[in-house]
Protein chains: 2
Amino acid sequence: MTVRGLPQGAVPRLERPGPLRERVYEALLELITTRALRPGQHLVESELAAQLGVSRQPVREALQRLNTEGWVDLRPAQGAFVHEPTEEEADQLLTVRTLLEAEAARLAAASAGPSGVEALEELCARGERAVLADDVDGAVAANAEFHAKVMELAGNTVLAELAAQVDRRVRWYYTPVARQRGKQSWIEHRELIAAISDHDEQRATAVMRAHTEHTRRTYHERERD
Amino acid sequence: MTVRGLPQGAVPRLERPGPLRERVYEALLELITTRALRPGQHLVESELAAQLGVSRQPVREALQRLNTEGWVDLRPAQGAFVHEPTEEEADQLLTVRTLLEAEAARLAAASAGPSGVEALEELCARGERAVLADDVDGAVAANAEFHAKVMELAGNTVLAELAAQVDRRVRWYYTPVARQRGKQSWIEHRELIAAISDHDEQRATAVMRAHTEHTRRTYHERERD
DNA sequence: TATGAGTAAACTGTAGACAATAGCCAATCC
DNA sequence: GGATTGGCTATTGTCTACAGTTTACTCATA
């Protein structure tokens, strides 16, 4: 007899601890993105290990991964430092993000079905509600989900993984900015949905490009404050 | 007194062996790309460590990095397996490569100066000579350098790093193919140089897109053999 | 006071040892 | 006879210890 007969979810799939390095990785990433760990800060393995209640090994492994993904700089024989984004790098990152998101929009327009469009509209409505309710966190979350959904509809896993990384870093650099862009952002989302619904690849690309480009402009305007 | 007055590179920065994990990483990557380690093969840490004459630790760290970059799959509590590329994934990867290279071409066209164009022509000539001499390895190398140079002229570090990763994996998947595309490839390169020299962003994008697209077609034609 | 060597502390890089887990095969029970 | 259970083996996950570097500081000296 196999397990097949059991009702799904009868066994709560008792949550596996998973490799420690994973959890350390996520914990550190959380600390970095929330700026509990500041850019330029020296991360000492033994300190982190003690603080997290694990040995140095998992911490090392997590730091190495963070290094390859650009979150920390690993200077040999000296240790890990939280990456300090430069203006130039932030701009380059936005360029890449624009590129990836625009391609995702194009692919989504090419292949998305009615159910996909519907899901996008649902998310869009949720975002608009959040904006109206001045629920900033909710709006940001809905925004992330919206973009993720577009990426999913594009159906390109490689593209999605790259975009996920780039996106998270962009969000880190631009956290002060993201909160400013409210209503306008969702109007643009509506346009994007329309383009995808029409299977108009060119328009979808253009709209998404303009959309992310607006974010960049908002960022540079911030400089004047 | 600061170091600022010193000419760049006056100090040869006496080269250190560098961390073991780096060398292990490169060694393993070499073994994978040359297919000495076959896709799907189980990589046992202790074996690799013994074979390379180091302890398990650097091997682990190298494997983790290879994992995040998509070269090996790391199944928990079971070990590392050389990644097995699927048809679909290869195709998606090519799509992304096309995208990144095309953007690089556009940026290069926007900002490249005469010296950059000259460097490209030099590389192009070298590639053509290699093709005429039936020097396949030389031609492949020149090709890689050509694309790298375009990327350099684009002046976007983030884009360059992403493209470098994607490129290397593409070359891994398509090694049997790359060798077939000889003369035609360099004609297209010439066109690209012309577009860059003219600062014609649109044409540069289009040429590069067509160029990488040809590679994909060649790949799918291979299926018929 | 400025300079330089010398020294000590802190941290990383590497190695080796132990514990935990998944996979496999044989023995056992219905 | 087939499935299940129990133990065995191989391999990974984690921890501890030690060696090698780098940095910062102290103190003697010109």
Side-chain angles (χ1 to χ4, degrees), chain A residues 1-6 10-28 31 37-38 40-68 71-83, chain B residues 1-3 5-6 11-28 31-32 37-38 40-68 71-84:
Chain A
M1 190 194 300
T2 74
V3 189
R4 203 174 298 169
L6 284 178
V11 181
R13 201 78 182 120
L14 52 91
E15 112 180 48
R16 217 182 310 179
L20 264 193
R21 58 166 178 269
E22 292 288 335
R23 291 193 289 178
V24 172
Y25 165 80
E26 282 169 25
L28 290 180
L31 289 173
L37 298 175
R38 311 292 283 270
Q41 185 169 343
H42 185 188
L43 303 180
V44 179
E45 295 178 356
S46 46
E47 284 181 14
L48 295 176
Q51 206 152 344
L52 296 171
V54 298
S55 93
R56 275 178 52 209
Q57 182 88 348
V59 174
R60 276 183 72 80
E61 296 177 350
L63 286 177
Q64 309 230 354
R65 179 165 169 198
L66 290 170
N67 176 45
T68 69
W71 295 98
V72 308
D73 299 321
L74 221 47
R75 294 188 236 167
Q78 196 171 353
F81 296 79
V82 179
H83 180 68
Chain B
M1 187 196 303
T2 75
V3 191
L6 282 179
V11 181
R13 208 72 186 125
L14 48 90
E15 99 181 62
R16 244 174 307 164
L20 264 193
R21 57 165 177 268
E22 292 287 337
R23 291 191 290 177
V24 173
Y25 165 79
E26 283 169 24
L28 289 181
L31 289 174
I32 291 175
L37 299 175
R38 311 292 283 270
Q41 184 170 343
H42 187 189
L43 304 180
V44 178
E45 295 178 358
S46 47
E47 284 180 14
L48 295 176
Q51 206 153 342
L52 296 170
V54 298
S55 93
R56 272 180 55 207
Q57 181 87 350
V59 174
R60 274 183 74 79
E61 294 177 351
L63 286 176
Q64 309 229 357
R65 179 164 169 198
L66 290 170
N67 177 44
T68 70
W71 295 99
V72 308
D73 299 321
L74 219 48
R75 292 190 237 166
Q78 196 170 351
F81 296 79
V82 179
H83 181 69
E84 297 189 73

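Chain naming here is simple, since letters A, B, ... match the order of the sequence lines and numbering starts at 1 in each. Nothing here was measured: the structure is a model prediction, and the numbers come from that model.
Protein atom OH of Tyr25(B) is 17 Å distant from nucleotide atom P of dG13(C), rounded to whole Å. Nucleotide dA15(C) holds its P atom 14 Å from the CG atom of Leu48(B), rounded to whole Å. When the C1' atom of dA15(C) is taken as reference, atom CG of Leu52(B) falls 15 Å away, rounded to whole Å. Computed from coordinates, the Leu20(A) CG to dG13(D) P distance equals 11 Å when rounded to whole Å. Rounded to whole Å, the distance from CG on Asp73(B) to C1' on dT12(D) is 16 Å. Remark: C1' of dT14(C) and CD of Glu22(B) are 15 Å apart, rounded to the nearest angstrom. Distance Gln57(B) CD to dC18(C) C1': 15 Å, rounded to the nearest Å. Separating the CZ atom of Phe81(B) from the C1' atom of dT11(D) is a distance of 10 Å, rounded to the nearest angstrom.
The two atoms that bring Gln64(A) and Leu74(A) nearest to each other are CA-CD2, 4.2 Å, heavy atoms only. Across Ala49(B) and Val59(B), no two heavy atoms sit closer than the pair CA-CG2, 3.7 Å. Here the shortest heavy-atom pairing between Arg38(A) and Val82(A) reads O-CB, 3.3 Å. The shortest non-hydrogen separation linking Glu61(B) to Arg60(A) is OE2-NE, 3.0 Å. Nearest heavy atom pair, residue Ala62(B) against residue Arg21(B), reads CB-O, 3.9 Å.
The one candidate from Leu66(B), Asp73(B), Asn67(B), Val72(B) that meets the side-chain contact (heavy atoms from CB on, under 4.5 Å) condition with His83(B) is Asp73(B).
Interatomic distance, Leu20(A) CG to Leu52(A) CG, rounded to the nearest 0.5 Å: 9.5 Å.
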Return the polar atom pairs (N/O with N/O) between nucleotides 7-9 of chain C and the protein under 3.5 Å, or none.
none

Interface polar pairs with nucleotides 10-12 of chain C, N/O, under 3.5 angstrom:
| residue | atom | partner | partner atom | Å |
| --- | --- | --- | --- | --- |
| dT12(C) | OP1 | Leu43(A) | O | 3.4 |
| dT12(C) | OP1 | Glu45(A) | N | 3.4 |
| dT12(C) | OP2 | Glu45(A) | N | 3.4 |

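The neighbour count for Gln78(B) CD, taken as heavy atoms of other residues, nucleotides or ligands under 6.0 Å away, is above 12.
Take Glu22(A) and apply the salt bridge (charged side-chain N to carboxylate O under 4.0 Å, His left out) test, not counting sequence neighbours, and it matches Arg65(A).
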